[in-house]
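See below for the structure under consideration.
In this chain, numbering begins with 1 at the start of the sequence shown.
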Amino acid sequence: LAPAPLAAPAPALKPAVVCNSSDLGSPERPAAFGPFADDLPTTTEGSEASPEEKSMASEPLLNVPSTVSVANGGEMQRLASLSAFDQLIDDVDQMADLRAQMEEEAAKLEDRPVRYGARHLSTPIVIVASEMHPWSKTGGLAMIAGSYGYEFALRGHRTMAIAPMYDDYANCTWAGSKAIEIAGGWHEVNYFLHRKVYGHGKVCDYVFVNHPCFRRSEGIYGPPGAEYGDNLFRFALFSLAAAEAPLVLEIDGSTYGQDVLFIANDWQTGILPVYLLYKYKLHNTYLNARSMMVIHNIGYQGKYSKEHFPVDSYLGLPMRFAAEDLQGEDMHLGPDCINLLAGGIRTADRVLTVSPNYANEIQSPEGANGLHDILRQRGGELRLAGILNGISDEWSPVTDPKIPRNYRLHDFEEGKRICKAALQKELGLDQDPEACLVGFCGRLCFQKGLTLILETIEWLMHGQPNRCQLILMGKGEEKLAAQVANAEGCYRGRICGYVGFDPCVERRMMAGCDLLLMPSQYEPCGLPQMYAQVYGTLPVVHETGGLKDSVRGLWDDTHMDVATGFLFSGFNEGTMKHTLYKALETFHHRKPVFRKMQTNAMKSNFYWPTAMDEYEKHVDYTLEGWPYKKPESWWNNHH
């Protein structure tokens with residue numbers, strides 16, 4: 001069920017903390033505080049699997065995540081959400097105020113970058129995603145898609161963001177309907193519109209596609225541990241409806257028209273560029289339109305049986321053109337496989353992913369889940385790139401209302417001292433200002449590196465000379481959750497094992513901790529390491545994916561002027577211990593170096609305006625270049 005790892009297989013899990021304690025967990029804190037698991041599966045190839053996991057692994061590959069979390073009272077439930085992406089602010093006026101404050105703070109920096117002058121702001125942007133915050137969310141995709149809508153609108157594009165309508169949404173008005181031909185029949189979809197006005201003429205039109213197939217009670221993609229049998233129908237129908245929306249919906253007096261740029265996201269909309277090419281451009285529609293395919297997690301690709309879902313009679317695409325582009329392979333299906341994400345990669349005018357280093361990793365056999373050849377081809381054609389995701393404006397120690405004391409660069413030491421003391425008190429830790437407070441906030445699973453952390457606990461508490469405390473917050477695998485709770489019971493006052501999730505506590509951890517541990521086995525982008533840096537908390541991370549892009553390591557003293565954290569290469573206990581010891585030693589015995597690294601980190605600019613400069617560059621490259629693939633009708637009209 002899982003994406004291929006980017007590192008060595010997991011060792012067999014061994015007990016990390018052993019003690020006889022009947023008092024596991026704090027009675028003042030609930031065992032769980034809201035759902036927390038992200039959009040990556042709990043079992044990775046090569047790991048020690050439980051009998052249940054082995055049974056699941058024998059099933060056909062799913063296209064949706066299947067994660068197991070511990071609920072209140074110990075009951076098992078499957079979740080698919082990433083609470084680390086939670087926004088606490090959705091009010092338009094508050095968002096505008098935060099952006100103004102953020103820009104004001106950035107203006108004070110001497111090295112503030114000049115904003116990129118986009119050349120195609122008059123081109124409408126159409127964002128298409130299976131989830132859209134705040135209306136629907138199972139993971140980070142919803143947050144990023146919602147940010148696209150906001151940010152492209154602020155830049156000045158006429159912006160439409162399209163998602164399925166999974167429920168009745170407030171403040172939406174009927175905008176039109178369209179009959180869509182698919183699966184051998186006609187199906188009517190209705191469009192509902194929610195207009196968000198961000199001021200100064202900046203608007204995003206959020207469009208929701210309504211059809212009975214989207215109204216399911218067991219989840220967006222399927223019941224626990226499975227996917228709906230008609231998901232190909234659902235998301236092919238959605239992609240076709242999204243393609244029709246700019247043509248048929250009259251919004252504010254006009255349609256968006258044909259000269260637009262589509263941004264498709266992940267496998268659910270991978271077939272959109274295929275439809276644009278072989279259903280529309282082939283028949284002289286959308287001839288000047290372009291498309292970009294954004295890969296958020298290559299572990300899920302949308303694989304279906306070609307025999308059961310023929311390309312021509314079911315999907316409505318010409319076999320002689322589209323079959324090759326949609327061709328995939330799978331260990332269960334063999335060559336009888338449609339791969340939606342592969343189709344998007346092969347036909348989109350440009351392919352983007354969520355960090356530059358992840359763009360490199362997915363061109364390798366270890367990191368691409370079988371798609372490395374076509375991604376290498378796109379990279380060789382200079383039509384593949386990675387852009388580090390941005391963080392929302394509310395993640396700032398200057399304005400965050402959830403931390404005990406706000407602070408800026410000039411008074412961060414006092415601000416963090418107060419936040420640290422309050423966090424220690426809140427979570428039942430000893431009031432020790434000289435202890436290095438180390439935090440982890442993430443899903444409790446092998447992929448997030450929790451097994452490495454658990455294996456180092458005794459060393460942290462007894463085996464090295466530097467005083468430290470540890471906060472472990474998250475939900476996930478039952479076995480690991482029990483070990484987290486056990487660690488707190490063994491080292492009360494020094495370890496907080498918070499089996500659950502509270503987004504407000506996460507913010508206070510960013511402000512109060514000295515170090516943040518993110519030893520992920522692989523991480524397409526990652527956001528907590530960016531949050532931590534702007535709050536002056538130094539990340540200790542495995543050198544992979546977006547972690548490598550966003551953290552500048554203290555390899556030696558020559559890097560002191562730029563270093564913002566500590567990186568280790570090699571996903572194993574020994575390399576993590578070595579780097580963690582260096583971080584603790586720097587905190588305790590090289591205070592000036594640690595403070596300099598904190599100031600470097602707080603000057604980092606991970607906010608969306610910086611990321612949007614890169615997106616606008618690729619919008620320009622895409623619109624000014626030749627279409628990647630051209631149907632016969634395109635040649636007839638351009639020669």
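Of the candidates Thr269, Asp205, Ile127, Val207, Ile162 forms a side-chain contact (heavy atoms from CB on, under 4.5 Å) with just one, namely Val207. Phe208 pairs in a ring pair (Phe, Tyr, Trp, His ring centres under 6.0 Å) with only one of the listed residues (Trp135, Phe192, Tyr191), which is Trp135. Evaluated for a ring pair (Phe, Tyr, Trp, His ring centres under 6.0 Å) with His157, the options Tyr256, Tyr615, Phe152 yield exactly one hit, Phe152.
Contact annotation: the side chain of Phe214 never approaches that of Met165 to less than 4.5 Å [non-hydrogen atoms, C-beta and beyond]. The side-chain heavy atoms of Leu340 and Leu232, taken from C-beta on, include a pair separated by under 4.5 Å. Annotation: side chain of Lys629 is in contact with side chain of Tyr278 (closest heavy-atom distance under 4.5 Å). Side-chain contact check for Leu317 versus Val274: some heavy-atom pair is nearer than 4.5 Å. Side-chain contact between Ile387 and Val354 is absent, with no heavy atoms from C-beta onward closer than 4.5 Å. Here the side chains of Leu375 and Ile298 are in contact, with some heavy-atom distance below 4.5 Å. Side-chain atoms of Cys525 and Leu388, non-hydrogen and from C-beta on, do get closer than 4.5 Å to each other. Two residues are said to be in side-chain contact when any heavy atoms from C-beta on lie closer than 4.5 Å; Val351 and Met292 fail this criterion.
The CG atom of Leu352 sits 8.0 Å away from atom CG of Leu384, with the distance rounded to the nearest 0.5 Å. A distance of 4.5 Å separates CG in Leu527 from CE in Met530, rounded to the nearest 0.5 Å. In this structure, Arg376 CZ and Arg378 CZ are separated by 16.0 Å, a value rounded to the nearest 0.5 Å. Asn265 contributes atom CG, which lies 5.5 Å from atom CG of Leu141 (distance to the nearest 0.5 angstrom). The line from CD of Gln268 to OG of Ser239 is 9.0 Å long, rounded to the nearest 0.5 Å. Taken to the nearest 0.5 Å, the CD1 atom of Ile144 stands 11.5 Å off from the CE atom of Met132.
Between Asn339 and Gln327 the shortest heavy-atom distance is CB-O, 4.3 Å. Between Ala385 and Ala359 the shortest heavy-atom distance is C-CB, 4.0 Å. Considering every non-hydrogen atom in both Ala368 and Gln301, the closest pair reads O-NE2, 3.6 Å. In plain terms, the two heavy atoms of Leu237 and Cys213 that are nearest each other are CD2-SG, 4.0 Å.
The distance between the ring centers of Tyr286 and Phe262 falls below 6.0 angstrom.
For the side chain to side chain donor-acceptor pair (under 3.5 Å) test, residues two or more places apart in sequence or in another chain that qualify with Ser550 are Gln529. Every residue was checked against the ring pair (Phe, Tyr, Trp, His ring centres under 6.0 Å) condition with Tyr628, not counting sequence neighbours, and none meets it. In terms of the side chain to side chain donor-acceptor pair (under 3.5 Å) criterion, Asp167 has no residue partners (sequence neighbours excluded). By the side chain to side chain donor-acceptor pair (under 3.5 Å) test, Gln363 is found to be paired with no residue, residues two or more places apart in sequence or in another chain being considered.
Using bins of under 30°, 30° to 60° and over 60° for the plane-to-plane angle, the ring pair Trp267/Tyr304 lands in the tilted bin. Ring orientation note: the planes of Tyr314 and Phe233 are nearly perpendicular, at an angle over 60° on the 30°/60° scale. Using cut-offs of 30° and 60° for the angle between ring planes, the His296 and Tyr148 rings count as tilted.
In the model, Asp325 has no side-chain atom that pairs as donor or acceptor with a side-chain atom of Thr347 under 3.5 Å. Residues Glu131 and Thr138 bring a donor and an acceptor atom of their side chains to less than 3.5 Å of each other. Under 3.5 Å, the side chains of Glu181 and His187 contain no donor-acceptor pair of N or O atoms. Side-chain polar atoms of Gln447 and Ser520 form no donor-acceptor pair below 3.5 angstrom. No side-chain donor from either of Arg234 and Ser130 sits under 3.5 Å from a side-chain acceptor of the other. Side-chain polar atoms of Asn357 and Glu361 form a donor-acceptor pair below 3.5 angstrom. Side chain to side chain, Gln521 and Lys448 fail the donor-acceptor criterion of an N or O pair below 3.5 Å.
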Could you go step by step and tell me if His542 and Glu523 meet the side chain to side chain donor-acceptor pair (under 3.5 Å) rule? CA-CA 9 Å; His542 179 217; Glu523 196 73 65; over 6 Å; no
Derivation and outcome, side chain to side chain donor-acceptor pair (under 3.5 Å), residues Thr622 and Arg290: CA-CA 7 Å; Thr622 303; Arg290 298 289 188 273; over 6 Å; no
Decide ring-ring contact (aromatic ring centres under 6.0 Å, His included) for Tyr221 and Tyr166; before the verdict, give the C-alpha distance in whole Å, the side-chain angles of both, and the deciding distance to 0.1 Å. CA-CA 11 Å; Tyr221 303 120; Tyr166 299 108; 7.4 Å; no
Go through the steps for Lys303 and Asp330 under the test salt bridge (Lys or Arg N to Asp or Glu O under 4.0 Å), then give the verdict. CA-CA 8 Å; Lys303 296 181 180 182; Asp330 180 67; 3.7 Å; yes
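Between the Asp336 side chain and the Lys306 main chain, a donor and an acceptor come within less than 3.5 Å of each other. Under the 3.5 Å distance criterion, the side-chain polar atoms of Arg383 are matched with a main-chain donor or acceptor of Asp349. Thr159 places no side-chain N or O within 3.5 Å of a backbone atom of Ile125 that could act as its donor or acceptor partner.
By the neighbour-count criterion of 12 heavy atoms within 6.0 Å, atom CD of Glu188 is densely surrounded, having more than that number from other residues, nucleotides or ligands. For Glu381, the CD atom counts as densely surrounded, since its 6.0 Å shell holds more than 12 non-hydrogen atoms of other residues, nucleotides or ligands.
Using a cut-off of 4.0 Å between Lys/Arg side-chain N and Asp/Glu carboxylate O, Arg155 and Asp613 are scored as salt-bridged.
Screening residues 242-251 for salt bridge (Lys or Arg N to Asp or Glu O under 4.0 Å), with sequence neighbours left out, gives Lys178-Glu244. Listed by first then second residue, pairs satisfying salt bridge (Lys or Arg N to Asp or Glu O under 4.0 Å) with a partner in residues 211-226 read Asp168-Arg215, Arg216-Asp230, not counting sequence neighbours.
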